[in-house]
J.: 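I am attaching a structure below and will ask some questions about it afterwards.
Proteins come first, then strands; the chains are lettered A, B, ... in the order of their sequence lines, and each starts at number 1.
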Amino acid sequence: MLETRYDHKKVEKNKYENWKNKGYFTAGDKSKTPFSMVIPPPNVTGKLHLGHAWDTTIQDIIARYKKAKGYDVLWLPGCDHAGIATQAKIMNKLKQDGVDTTKLTRQEFLDIAWKWKDEYSKNIHEQWASLGLSLDYSRERFTLDKGLNDAVKKVFVDLYEKGLIYRGEKITNWDPIQMTALSNIEVIHHDDKGQFYYFKYHLVGLDKYLEVATTRPETMFGDVCLCVNPNDKRYVDYIGKYVINPANNEQIPIIGDEYVDIKFGTGVMKCTPAHDPNDFEISKRHNLARPIIMNKDGTMNEKCGKYVGQDRFQCRKNLLEDIKNNGDLIKIENIVHSVGHSERSNAVVEPMLSKQWFVKMKPLAKLILDNQKGKNKVKFVPSRFNKVLIRWMENVDDWCISRQLWWGHQIPAYYKKDSQEIYVGVNPPKDIENYVQDSDVLDTWFSSGLWPFSTLGWPNKSDDFLRYFPTDVLSTGYDIIFFWVSRMMFQSLFNLNKPPFKSVIIHGLVRDELGRKMSKSLGNGVDPNEVISNFGADALRYFLTTNSTPGQDMRYSQEKVESSYNYLNKIWNLARYILNVLPNDFKNENIDAKKLDGFEAYILNRLQITIKQVTRNMEKYDFNAASSYLYNFVYDDFCSNYLEMSKISLQIESDEYKNIIHQVLYKCLKTIILLIYPYCPFISEEIYLSLPEHKESIMLENYPVVERKFINDEFDGCVNLLLDCIKDVRNYKSNHKLAPNCPCDLMINFRVKPFKNFKNYLKRFTFATNIEEIDTSLTNKDGAIYLHSLGDMLIKVKANKEDLKILLEKNIKVEQQEILRAQNMLNNPNFIKKAPKEKIALEENKLKKHQENLLTLTNQLKNL
RNA sequence: GGAUGCUUAGCUCAGUUGGGAGAGCAUCGCCUUUACACGGCGGAGGUCGUGGGUUCGAGUCCCUCAGCAUCCACCA
């Protein structure tokens, strides 16, 4: 027997371990159709946040739904080594502990990192468990696994051999704190306050100078020339002449290049090829030198004279002071401009020339672009995110994949000592002693880009790979479409000639209650563990998946988590009631649809509609819509209406029919919990196991299907009449300050034949002492009032004339408005001409009925 | 500069192919009725951002503008 109150802590205890140990999460039933997903592997850097909870709950709902629908569901778990993020965290921790990290060897660090990984993946496992995720742990993978490393090496070599990976010297985004190169999308641009410094560049041999503005004076040590637009009449004559660089007094030429925007600034631009991508391009056109003037940690190098060793920003300050003292500073302008910051360290990114490995993106992007035009197009939910991807792929730059880190897949390239020769291969060169392996590792996203197939055993043609690839669905946030979704797509298209998944579900971000992004600096993050502890995983899951539209951001709202909890409490209590009502010897039997009286037929019909609508929306991955159909059924149709009515019929009916009611209650209860189950597995399991007949677990049950024999709307009119009558009487009493249980007499005119217990229900819910059936001519009987409802009803209560008059007048007004509305439509010749016939007939019927009602009411008023 | 999303009840949000505006919370009144006071019953509250257009009919489709948010690209 269930406890009187829903206690999420008791309900959620021990169930997960049991499911897991029984093997319910393990895929592999070959008799069924496979359905597969891979989890977006969380970073082994810390705790999971609400975004993870949202993302994984979506997947768990799909997994449980599909399993109940009869599929062999594989949901594959795992973690990402998250190169930069993890290495930074570990280094910080070591420094805090007083370790001199500069003395660590690569291997020592890796030993520490693997221990860290074990610890953090343990935390992640605990959180997955408390959320109730039905992950197949027998297939869990990690992005640095041996198997995945094999896949990474193979792909690297294949891309290299096809000319799609190359090593090159280019301007890359350099993070001086983490001392590694970054890809373009790891750089976050935001508007910062800065200064625009105007300097004098004196012309050699002339008593003139050019005004040049820069935001980064420290890069002047790397200037190789000034550039002007050859079409700029102001400066064209200076091309070929020399100026003196005020930073180091070196003479540099003035050259012409059309890149310079005549209208911008002074029209003269300094050119620093090793520290600016555009200047680098200019240097290629004019064959200029590319001096690098900074060290890897962002300090100035030996090319910077007395500033050597100074941090770039310190140098900027000092240099400025010196130039100012020389009289070559013209002015300083405060500006707001976009500055790139490292995603992880937040350091101001320094564009810097270095030798890195790149993936040549154009041909790979084309694979995606072509695929999205074809039959195997990956379906995005919502579809607009397909456009986001396409736009990105059309304009994508080459992807810098080498990172100057230790934690990651070491690049399988080997440099022959004392030679230019490079060897790239899955296995090291035979004469390894003559080679040195590239010390860099690959961008984390390189290995996660292989995740949907590397985790299934590829490049081996394993059973899992053959059975479960391509996967069916991927769920992730829109913020990582570029980082991850696009990379998985082209890697899969390149390596396997097909997309890695059929559909991608894109969701938004979880924001705080004020709509702000949750972040560490604001300290506004909400810990899922805390929510689970307070309200339960089921309430959290329900909240997360039913409070937003696909692709839209969501605000966390404790209020709505509470409301989700209350809903579960409602289900808990309706279950408790039904289980209490069912006799001890209850046996589930087939219900003979022909024997059903009105309300039983009605509720089973509503149930079929609910199953249909919920299923339809589950198939569309619209969990909000699906849940609201169930919600409305539970609250309105079932609890407020049917359940209450059944209490009466259970008192007065024959034993035979009582059994039918029991069967109906049981069927409704079981269906409700099976429909809510994918959202809220814990409470569903608890209730399920309390049913008189049940399997070992709700996880072994099938999803409800529509039963045709119960589709029957012939009682809808009569039920609505009953409900309207009850509502009108209650409303009347409430408006007249009469107690709800104040006795009254009712007279009712049936336009449709009422079902058997109609009058009993009406009596009980209106506290009527007498219900009289009358014919169509409704007249004012002493003290009775006509209520405008579907079936015409008179109510007689202890009320004074004035009350009756007010009510009648109010009802007359309503009828008049209705008549006017219908007439307006019907008097419109275009409406008659063009609207569908059914619509016209509907309006005509309404008009007729309201006119009749009006007549009755006015007669009553007259006779009052 | 380019793109996308949002603008509906006091607040947070739904609104499926165009055919009488919904939920949660808040609010007002009544009810401690034996599933649930984490409840029940009954109310009040919206010219659906602006201005046009298409249509017999627009929250819904098209265009304009405004505000907010996000993404991409960025001129030194």
J.: Can you check whether A:Tyr666 and A:His662 have ring centres sitting under 6.0 Å from each other?
T.: no
J.: With a 4.0 Å heavy-atom cut-off, tell me which residues in residues 820-833 of chain A come close to RNA chain B, sorted by residue number.
T.: A:Arg821, A:Asn828, A:Asn830, A:Phe831
J.: Quote, to the nearest angstrom, the C1' distance that separates B:rG57 from B:rA21.
T.: 16 Å
J.: What is the separation between atom CZ on A:Phe482 and atom C1' on B:rA3, rounded to the nearest whole Å?
T.: 10 Å
J.: Does a donor on one side chain sit under 3.5 Å from an acceptor on the other, for A:Asp192 and A:His337?
T.: no
J.: Are A:Lys331 and A:Phe196 in a cation-pi contact, defined as NZ or CZ under 6.0 Å from the six-membered ring centre and within 45° of the axis?
T.: no
J.: Could you tell me if A:Lys560 sits above the aromatic ring of A:Phe543, with its cationic atom closer than 6.0 Å to the ring centre and no more than 45 degrees from the axis?
T.: no
J.: Base, sugar-phosphate, or nothing for A:Thr215, non-hydrogen atoms under 4.0 angstrom?
T.: sugar-phosphate
J.: Using the C1' atom in both, what is the distance from B:rA35 to B:rG40, to the nearest Å?
T.: 12 Å
J.: Between A:Asn735 and B:rG43, is there a contact of a side-chain N or O with OP1 or OP2 at under 4.0 Å?
T.: no
J.: Hey, mind stepping through A:Asn624 and A:Thr546 against side-chain hydrogen bond (donor to acceptor under 3.5 Å, both in side chains) and telling me if it holds?
T.: CA-CA 4 Å; A:Asn624 182 18; A:Thr546 63; 5.3 Å; no
J.: Side chains of A:Asn731 and A:Asn735 only: does a donor on one sit below 3.5 Å from an acceptor on the other?
T.: yes
J.: Please determine, by modelled atom types, if A:Tyr259 and A:Asn278 share a side-chain donor-acceptor pair under 3.5 angstrom.
T.: yes
J.: I'd like a table of atom pairs between the protein and nucleotides 44-49 of chain B - only N or O on both sides, under 3.5 Å - with the distance next to each one.
T.:
none

J.: Determine whether the side chains of A:Glu186 and A:Asn173 contain a donor N or O and an acceptor N or O closer than 3.5 Å.
T.: no
J.: Is there a salt bridge (charged side-chain N to carboxylate O under 4.0 Å, His left out) between A:Arg312 and A:Glu350? Walk through the geometry before answering.
T.: CA-CA 10 Å; A:Arg312 52 192 168 146; A:Glu350 195 64 38; 2.6 Å; yes
J.: Within 45 degrees of the axis of the six-membered ring of A:Trp399 and under 6.0 Å from its centre: does A:Arg487 put its NZ or CZ there?
T.: yes
J.: So that I can compare with my own list, what are the stems of RNA chain B, taken as at least three consecutive Watson-Crick or G-U pairs with distances under 3.5 Å?
T.: B:1-7 with B:66-72, B:10-13 with B:22-25, B:27-31 with B:39-43, B:51-53 with B:61-63
J.: Give the rounded distance in Å between these two atoms: CD of A:Glu394 and C1' of B:rA3.
T.: 12 Å
J.: Base of B:rG20, side chain of A:Glu843 - is there a donor-acceptor contact under 3.5 Å?
T.: no
J.: Calculate the interatomic distance between A:Glu258 atom CD and B:rC75 atom C1'; express it in whole Å.
T.: 16 Å
J.: Please measure how far the C1' atom in B:rG19 lies from the corresponding atom in B:rC65, and state the result in whole Å.
T.: 30 Å
J.: I need the NE2-C1' distance between A:His736 and B:rC41, as an integer number of Å.
T.: 17 Å
J.: For a quick check under 3.5 Å, do A:Thr610 and A:Lys612 share a side-chain donor-acceptor pair by atom type?
T.: no
J.: Between A:Phe765 (CZ) and B:rG40 (C1'), how many Å, whole number?
T.: 11 Å
J.: Scan residues 261-268 of chain A against RNA chain B and write down, sorted by residue number, each residue with any heavy atom closer than 4.0 Å; if none is found, say none.
T.: A:Asp261, A:Phe264
J.: Write down the distance separating the P atoms in B:rU12 and B:rU55, rounded off to the nearest Å.
T.: 38 Å
J.: Taking atom C1' in both B:rA58 and B:rG51, compute the distance separating them and give it to the nearest angstrom.
T.: 15 Å
J.: On RNA chain B, nearest-nucleotide positions of A:Asn632 versus A:Lys387: which is more 5'?
T.: A:Lys387
J.: Measure CZ/A:Phe280 against P/B:rC75 and give the value in whole Å, please.
T.: 16 Å
J.: Classify the ring geometry of A:Tyr635 against A:Tyr567: parallel below 30°, tilted from 30° to 60°, perpendicular beyond 60°.
T.: parallel
J.: Go nucleotide by nucleotide along RNA chain B from the 5' end; which of A:Asn395 and A:Asn278 gets its closest nucleotide reached first?
T.: A:Asn395
J.: Assign a letter to each nucleotide of nucleotides 28-39 of chain B from its 5' end: B, base within under 4.0 Å of a protein heavy atom; S, sugar-phosphate only; -, no contact.
T.: --S----BBSBS
J.: Sugar-phosphate means primed atoms, P, OP1 and OP2; the rest is base. With that split, encode nucleotides 10-16 of chain B 5' to 3' as B, S or - using protein heavy atoms under 4.0 Å.
T.: --BSSSB
J.: If you count every heavy atom of other residues, nucleotides or ligands that lies below 6.0 Å from A:Tyr238 atom OH, does the total exceed 12?
T.: no
J.: Nearest 0.5 Å, what's the CZ-CD1 distance between A:Phe638 and A:Ile571?
T.: 11.0 Å
J.: Which part of the nucleic acid, if any, lies within contact of A:Glu818, taking any heavy atom under 4.0 Å across all strands shown: a base, the sugar-phosphate backbone alone, or nothing?
T.: base
J.: What orientation do A:His507 and A:Trp54 show, parallel under 30°, tilted 30 to 60°, or perpendicular over 60°?
T.: tilted
J.: When rounded to the nearest Å, what value does the distance between P atoms of B:rC61 and B:rG15 take?
T.: 12 Å
J.: Can you tell if the side chain of A:Lys833 reaches within under 4.5 Å of the side chain of A:Asn828, non-hydrogen atoms only?
T.: no
J.: So what does A:Phe385 hit on the nucleic acid, given a heavy-atom distance under 4.0 Å: a base, only sugar-phosphate, or nothing?
T.: nothing
J.: Within a reach of under 6.0 Å around NZ of A:Lys647, are more than 12 heavy atoms found that belong to other residues, nucleotides or ligands?
T.: yes
J.: Any carboxylate oxygen within less than 4.0 angstrom of a Lys/Arg side-chain nitrogen, looking at A:Lys620 and A:Asp622?
T.: no
J.: Could you tell me whether A:Val260 contacts a base, only the sugar-phosphate backbone, or nothing, with contacts defined as non-hydrogen atoms closer than 4.0 Å?
T.: base
J.: To the nearest Å, how far apart are A:Asp636 CG and B:rA23 P?
T.: 9 Å
J.: When you compare the side chains of A:Arg821 and A:Asn824, does any donor N or O come within less than 3.5 Å of an acceptor on the partner?
T.: no
J.: Indicate yes or no: does A:Glu281 engage A:Arg285 in a salt bridge with an N to O separation below 4.0 Å.
T.: no
J.: Rounding to the closest angstrom, what is the interatomic distance between B:rC63 and B:rG20 at atom C1'?
T.: 28 Å
J.: Nearest whole angstrom, please: distance from the P of B:rC75 to the CZ of A:Arg216.
T.: 10 Å
